[in-house]
Amino acid sequence: MSGYWSVDPGALITASYDWRDHADTLEGLSRRLRSADVSGFPPGVSGAATTFRQQWAGMVDSLEATSRDFESRMLDAHAAYVDSDVRSQEAFQEWLLQMGEGER
Amino acid sequence: MTTVTIAIPADAVAVAEVPGDVAALQGFAADLLTVSSGLDDLATFAGDVLSGDRWDGDAAEAYRRAAVGTADAADDRSLVLRKVAGQVEDYATGLADRQRRRTDLVERRSTLVSGRQDLLADVNAAVDVSDAEIDALEQRAEQLRVSIATFDQDHATLVSDCQTADEQMVQHLQAVDTAGEVTQSAVGLTDPADALLQRPGAPGTDGATVQSVHDWWTSLDEAQQQALIAAHPQIIGNTDGIPTAARDEANRISLALDLDRLETREDSGEPMSFAERRHLERAQAAQTALDNVAAREDPVTGEALDGYLSLYDPTAFDGDGAVAVSVGNPDTAQNVSVSVPGMLNDGASIEGGTESVGNLYSTARLADPDQSVASTMWIGYDAPSNFGLHGLDTLQVIDEGLADAGGDRLADFLDGMRTVRDEDAHGRANLTVIGHSYGSTTVGNAATDHGIPADDVVLIGSPGAGHAADHATDLGLPADQVWAGSASEDAVSHLARNGWVGTGLGLDPTDEDFGAQRFQAENVQRGTHDWIWDHNQYYEPDTESLYNMGQIVAGTHDQVLTAEHRHDPWYGPMQDPEEDRRPNEIPTGFEP
C-alpha cells in the first residue's frame, strides 16, 4: 500500500450503475435458465438436465448477488462521500458565517 | 406326396422409439450460449473495472482486486457453459441422425414384414410344386433370414448408439453441475475469441473488407466460430461478410441479453432513462418481428417460416437503432429481395417493416411456387425519423445527406449478401433491391455512388432517385430492370426535382424521361384518407403494387402490370395518366 487513498465519487456512481446493469442481466439470465426448455431430452437424460439447469441458475444467482453487492456498496460509498462533503461544506460555511457576524 | 419343410425366420424386432426433440434441444443450447455470453460480458467488465475511470491509488487497486474474483468466476462459468452448449448442440445433431436412422429402419421393417407374409402365404399355397419352385422358396427364406439378421443388427446398433449418446450427455451435464466442478473443469480452458479477432482480415483490422471478413470467417472451425458468436455477438451479428445464419445466432444472443437486462429493470419498477426506454422499445420490436415471422406460414407449403435477425444494433444512430429481419434465408433462397424504408423509420419500425416483407415474400412465392424466396427489411441507415428533444434529423429529409451515408452502408450490406453465398450449392440469387420513399433515394445513391450487385431495382413512392441518377441506366442496370411505382395521389412522390416545383432528392423515376419501367400502383381507396395514406400502401395485400413487386422479385416480369409514365413539364403541373385509370384490387392470394 502506498498510503495514497483517493476515491473519485463520480467513478463510484458510474461503477455502481455498471454493476447494476450486469446484475439486472444476470437476474434475467437466471430466469431464462430456470425456464429453459429441457423437454427435448429423452427420459434418460432429462433428470440430469433438470438438475443441471437448477444448479446453474443458482451459480448465476450467486454472481448476481455479488454484482448487487458491488452496486450497493459503490452507491453507499458515493452517498457517504457526497454526504460527508455536504456536511463538511455546511459546517465550514456555518463557521465562516459566524466569523463574519463577529466582524460586523 | 413328400412334405418339405421350409424354415421361415421370425419377424424382425419391433423398432424402438428414439425419443427427443431436436428443435427444443437447439433452443436449450441457444439459451446456454446466451447465458455464457452474458457471463463473458461480466468477466470482461469485472476483469477491467478501472478501464476508462480517472481513478488510481490504493483505493482503486483494492477495488480492482475485489472485482477480480468475480471476473474469474464469471469467466470460468462462461467458458464451461459454452462448452456444454456445444455438447448439447452436438447431441441434438446426433439425435437428428439417429431419428433419421430409426425412420429408415421402420421402413425396412415394414418391407421385411410384408416380404415374410408373402413368403408364408406362398409356402402354405405350395402343393404339388416342382423341385425348382421349392429351391426358389428356400432361397427367398434364406434371403429373408439374412435381411432380418442385418436389420436386427442395425437396430441393435441404433439402440446402443442411443444409449451411449444419452450416457455421455448425462456425464457431460453431471460433470459440471456444481461450482467446484466448474472451477476444476475450467482449468486449461482458454477463450480463443479475442485472438481470432486479431487475425488479418478480421472485422476491425486494418484494411478489412467484406471479402476479407468472409475469408477469415470461413477459415475458422466450428468451435472457433461459436466462441466468437458467444464472446462478441455485436461484432459477428453486424459485420457484412459473415453468413446470415451466424449473424442471426449472434444477434439473437444480443437481443436476449438486452431483453433480460432491460425487462428486469422495467419489472423492478426502478426509473429508466430515456435511452434505456428507447433501447427496450427497439429490442421488443425486433423480438415481436421475429415472433411474427415464426407465426407466418409459407403460402405454398404451409410450413412455418424462418426469420433471421441479420442486423441488430439498437443504440446505433444516437439511439434510433439499426435492424434488419429476413423472412427466409437470403444465403440459400433463389429469389432474394432487400427492402429499404424511408422517412420516419427507425429501429422501432421493424415490426411493421417485417410484416411488409412478409407480404412480399408470400406474393413472390405464389408468383412462382417452384422458386424459394427470402425477403429482408433493412433499416440499416439513419433514416430521417426524429422530431423533438431527441433530435431533429427529420429536417434532413430535404437533402440527401442521410441517403448518401445510407447508400454506402446499403452497398456494403448487399456486397456481403453476394459474398457469403455458396453459389456452387445454391446457385446465384436473383436479387431485387426495393427503395420506398426516402429509401428510394438511398437505393439510388447506393447504385450510382458505389454500385450494387442487384438484378432489379424497384423505386416506390419515390421523392427522387438520388443526385446522380438522370436516367434509369445510371443505376448500373439496363432500363428494363429498373422499376418504378407511385400512386397518382401519393404526395411524397410529387416532390421530385422534375417540373416547376420539387426537392433536391433527384428525378421522379416514374417520369417518362427517366426511362424506368413504371408499374401500376394505384389503390382502390385512393384519395379517401389523409395526404400521407397513399404513400404507405405499397406493401399491403391485394394491392396492385404488392402484386407487381411480387412478380418482379420472382422474376416473372411478363406478369407485371405496367403503367403509363408521368410527365412533369417545366411550364406546368405534373400530368399522370394513372389518375384517370380505375384502380384494381388484385388478390395476392394469402392471409397476412
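To find a chain, count down the sequence lines: A is the first, B the second, and so on, and within it residues start at 1. Hydrogens, waters and symmetry mates play no part in the numbers below; they use all other heavy atoms, side chains included.
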- Item | Worked verdict on B:S268 versus A:R20 for side-chain hydrogen bond (donor to acceptor under 3.5 Å, both in side chains) | CA-CA 12 Å; B:S268 74; A:R20 182 191 62 180; over 6 Å; no
Decide yes or no on side chain to side chain contact (heavy atoms under 4.5 Å, CB included) for A:F41 and B:D166, but give the supporting numbers first. CA-CA 9 Å; A:F41 287 109; B:D166 290 357; over 6 Å; no
Can you check side chain to side chain contact (heavy atoms under 4.5 Å, CB included) on B:L39 and A:L26, steps first, answer last? CA-CA 8 Å; B:L39 294 172; A:L26 292 166; 3.8 Å; yes
Go through it in stages, so that I can follow the logic: the residues are B:F45 and A:D18, the test is side chain to side chain contact (heavy atoms under 4.5 Å, CB included), and I'd like the CA-CA distance, side-chain angles, deciding distance and then a yes or no.
CA-CA 9 Å; B:F45 164 72; A:D18 287 341; 3.4 Å; yes
Decide side chain to side chain contact (heavy atoms under 4.5 Å, CB included) for A:W19 and B:V49; before the verdict, give the C-alpha distance in whole Å, the side-chain angles of both, and the deciding distance to 0.1 Å. CA-CA 10 Å; A:W19 282 106; B:V49 284; 4.0 Å; yes
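Put simply, CG on B:L42 and NE2 on A:H22 are 6.0 Å apart, with the number rounded to the nearest 0.5 Å. Taken from OG in A:S39 to CG in B:D21, the straight-line distance is 6.0 Å, to the nearest 0.5 Å. A distance of 12.5 Å separates OG of A:S46 from CE of B:M169, quoted to the nearest 0.5 Å. Atom CG of residue B:L173 and atom CD of residue A:Q55 lie 12.0 Å apart, to the nearest 0.5 angstrom. Between the CZ atom of A:R34 and the CG atom of B:D31 there is a distance of 14.0 Å, given to the nearest 0.5 Å.
Neither the backbone nor the side chain of B:Q163 comes within contact range of chain A; no heavy atom of the residue lies under 4.5 Å from a heavy atom of that chain. For chain A, no part of B:E17 is nearby; none of its heavy atoms comes within less than 4.5 Å. For chain B, the nearby part of A:F70 is the side chain; its heavy atoms alone come within less than 4.5 Å.
Residues satisfying the salt bridge (charged side-chain N to carboxylate O under 4.0 Å, His left out) criterion with B:D41, sequence neighbours excluded, are absent altogether.
By the neighbour-count criterion of 12 heavy atoms within 6.0 Å, atom CD of B:Q184 is sparsely surrounded, having that number or fewer from other residues, nucleotides or ligands.
Per-residue counts of heavy-atom pairs under 4.5 Å with chain B were compared for A:L33, A:V60, A:D21, A:T66; the largest is that of A:D21. Options B:A67, B:A23, B:A30, B:C162 differ in how many heavy-atom pairs under 4.5 Å they form with chain A, and the most are formed by B:A67. Each of A:R53, A:M74, A:R73 has some count of heavy-atom pairs under 4.5 Å with chain B, and the biggest count is that of A:M74. Of the listed residues (B:L259, B:T70, B:V84, B:D177), the one with the most heavy-atom contacts under 4.5 Å to chain A is B:D177. Residue with the most contacts toward chain B among A:G40, A:S30, A:G44: A:G40 (heavy-atom pairs, distance under 4.5 Å). Interface check for chain A: of the options B:V18, B:L95, B:V176, the most heavy-atom pairs under 4.5 Å are formed by B:V176.
Between the side chains of B:R265 and A:T25, no donor N or O sits under 3.5 Å from an acceptor N or O.
The aromatic rings of B:F28 and A:F52 sit perpendicular, their planes meeting at an angle over 60°, well past the 30° parallel limit.
In this structure, A:R32 and B:A256 approach most closely via the heavy-atom pair NH2-CB, 3.2 Å. Closest approach of B:T264 to A:R68, counting heavy atoms only: CG2-NH2, 4.5 Å.
Ionic pairing of B:D260 and A:R31 is not present here: no N-O contact between side-chain nitrogen and carboxylate oxygen is shorter than 4.0 angstrom. Between A:D24 and B:R261, no side-chain nitrogen of the basic residue sits less than 4.0 Å from a carboxylate oxygen of the acidic one, so the salt-bridge criterion is not met.
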